[in-house]
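Below, each value reflects all heavy atoms present in this structure, side chains not excepted, and no hydrogens, waters or symmetry copies.
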Amino acid sequence: MSGGSFLHQAHRWLGREVEDTVTGRRGILTAVAPEGADPRARPLAWLRPLGGGTEWTTFPAALANPSPSTSARRTPR
């Protein structure tokens, strides 16, 4: 295990606004990591509310409808 990784996992929607289909809320996907220190634990997705507030968790399978990627909005030079 590498130091400082917090067991985070890659996800194609990290940093983007997504919908949590369990709650119907939208937030910024900040991390996907197992809960606790056990790397075998089921991963959770961590979401930050758009207007600020307390982060919440949901299962990665409950994520849907991501906002467009910022790289997709860039105009060619």
Side-chain angles (χ1 to χ4, degrees):
M1 174 170 69
S2 62
S5 75
F6 300 106
L7 304 175
H8 287 196
Q9 300 174 4
H11 193 285
R12 67 185 183 270
W13 296 342
L14 279 172
R16 291 170 64 183
E17 180 185 331
V18 296
E19 178 183 353
D20 172 2
T21 60
V22 172
T23 64
R25 297 172 63 190
R26 291 189 68 79
I28 304 297
L29 178 61
T30 59
V32 175
E35 185 173 27
D38 185 354
R40 296 169 297 179
R42 187 172 181 183
L44 293 174
W46 292 81
L47 296 152
R48 183 179 66 229
L50 299 174
T54 304
E55 285 185 321
W56 77 95
T57 59
T58 192
F59 294 113
L63 301 176
N65 303 316
S67 64
S69 169
T70 54
S71 61
R73 289 187 237 159
R74 291 184 183 166
T75 55
R77 294 182 184 203

Heavy-atom closest pair, residues T23 and D20: OG1-OD2, 3.0 Å
Is a side-chain donor or acceptor of T21 paired with a backbone partner of A62 at a separation under 3.5 angstrom? yes
Are any non-hydrogen side-chain atoms of P66 and E17 less than 4.5 angstrom apart? no
Can you confirm whether W56 sits close enough to R25 that some side-chain heavy atom of one is under 4.5 Å from a side-chain heavy atom of the other? yes
Taking the side chain as C-beta and beyond, is there a heavy-atom pair between I28 and L47 under 4.5 Å? no
For the pair L44 and T58, evaluate side-chain contact (heavy atoms from CB on, under 4.5 Å) and give the outcome as yes or no after the intermediate values. CA-CA 6 Å; L44 293 174; T58 192; over 6 Å; no
Per-pair distances, 0.1 Å, donor-acceptor, side chain in residues 30-40, under 3.5 Å, sequence neighbours excluded:
| residue | atom | partner | partner atom | Å |
| --- | --- | --- | --- | --- |
| T30 | OG1 | W46 | O | 3.1 |
| T30 | OG1 | E55 | OE2 | 3.2 |
| D38 | OD1 | R40 | N | 2.9 |
| D38 | OD1 | R40 | NE | 3.1 |

Shortest non-hydrogen separation from P43 to P60 and the atoms involved: O-CD, 3.3 Å
Side chain R16, main chain S67, donor-acceptor under 3.5 Å: yes
Has R26 got a side-chain atom pairing as donor or acceptor with N65's backbone, closer than 3.5 angstrom? yes
